[in-house]
Novice: 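Below you'll find the structure I mean.
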Amino acid sequence: MKTVLSGTRPTGKLHIGHLKGVVENWVDLQKDYRTYYFIADIHSYTNNLSSDKKQYVLDIARDLLAAGIDPSKSVLFIQSEVREHAELALYLSMTTPLSWVQRCPTFKEAIADIRAAASESGEEIKDESGISTGLLNYPILMTSDIVLYDADYVPVGEDQLAHLEISREIARRFNNLFGDTLKEPQPLLAKYPKILGPDRRKMSKSYGNCIYLSDTPAETGAKVMSMITDPAKIRRADPGNPDICNVYDYHGIFGSSGLDEIKEGCRKGTLGCVECKKRLAAELTEILDAHRMKRASLGTDGDISDILGEGRKKAQTVAVAKLNDVKKKMGTGLL
Ligand code: TRP
């Protein structure tokens, strides 16, 4: 059986874009692969130094479990709890040329963002501007996450492809220097739907346009009613174009029945946007209600911690063996 591994940073509550784009894919992969999933809490400090991440971590774990990550099939754990991740990253930082990480597009983007913000406000760019050596080392820690478990495949979004390419290079270089030790991971690009926010911008915490898994039915309803439809369809009887309508996209993604009928009704002017949105709100609410009930059935935060603790033990057994192999190959200490 091949191994799949992936991680998610605890940067906030999960929204429906995460559910459809990432989590449902993770759940499916459990059928055919040995799966390791983890919450990349160390990585989250690269852009957020807040010290109250614990509740996010527990909530994300709960959401993952509620969505169908099954602890009897997957090893689910917290990155920082398996310290071998950090230790291996340190060794890999010794074998990775500085230019490789400096070239990384996400690193260059972070620097460009900070420069742009500074020039807008006319401020000088200071060393404390938020570019830490941890941000520079992001791909090295990510490589460590992956190679510790001999992962064959890493399901990632397009935005992470560059990281994965560096991971492959880092693994290859280590093998060239010290002999075959680390497996080169392959990306597994999910063909997941892009879910836009109600305002048609990318769904993102910073835009305040997320439909969260934890929203109440009233909140979900209000967000759906605010969605942008075809601007040419003002009255019910006006013919609309479903191809440019966010609500229609959602109907497609969330598996509404009667998609053809919705399309036809919209085009012919027999289905109005308000009614169309009400149908969507009802369907989304049903999905989210089921998720909420599943979340609640998982018990206390202590119960979630116990599951993560079991995951840590399983992960650590594998990680320790790989790290020892690396240290032996490098000839560290008395190993
Ligand atoms: N970089 C990923 C993200 O920002 C999170 C992550 C950390 C990850 N380590 C990983 C993903 C290892 C896959 C494999 O979403």
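Numbering of ligands and ligand atoms starts at 1, following listing order.
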Novice: Does the side chain of T3 come under 3.5 Å of the side chain of R34 through a donor N or O and an acceptor N or O?
Specialist: yes
Novice: State which residues pass salt bridge (charged side-chain N to carboxylate O under 4.0 Å, His left out) with E109; sequence neighbours excluded, sorted by chain then number.
Specialist: none
Novice: Given the side-chain rings of Y153 and Y36, with only the six-membered ring counted for Trp, is the space between their centroids under 6.0 Å?
Specialist: no
Novice: Using a 3.5 Å cut-off and no angle test, enumerate the donor-acceptor pairs between side-chain atoms of residues 159-166 and protein atoms at least two apart in sequence or in another chain.
Specialist:
residue	atom	partner	partner atom	Å
Q160	OE1	H163	ND1	2.8
H163	NE2	T106	OG1	2.7

Novice: Considering only distance and modelled atom types, tabulate donor-acceptor pairs under 3.5 Å from the side chains of residues 15-23, sequence neighbours left out.
Specialist:
residue	atom	partner	partner atom	Å
H15	ND1	G17	N	3.0
H15	ND1	H18	N	3.4
H18	ND1	H15	N	3.0
K20	NZ	E24	OE1	3.2
K20	NZ	E24	OE2	3.4

Novice: So is K329 actually on top of F178's ring, under 6.0 Å and inside 45° of the axis?
Specialist: no
Novice: What does the list of residues with a heavy atom under 4.0 Å from ligand 1 look like, ordered by chain and number?
Specialist: L5, S6, G7, R9, F38, A40, H43, Y138, M142, D145, I146, V154, Q160
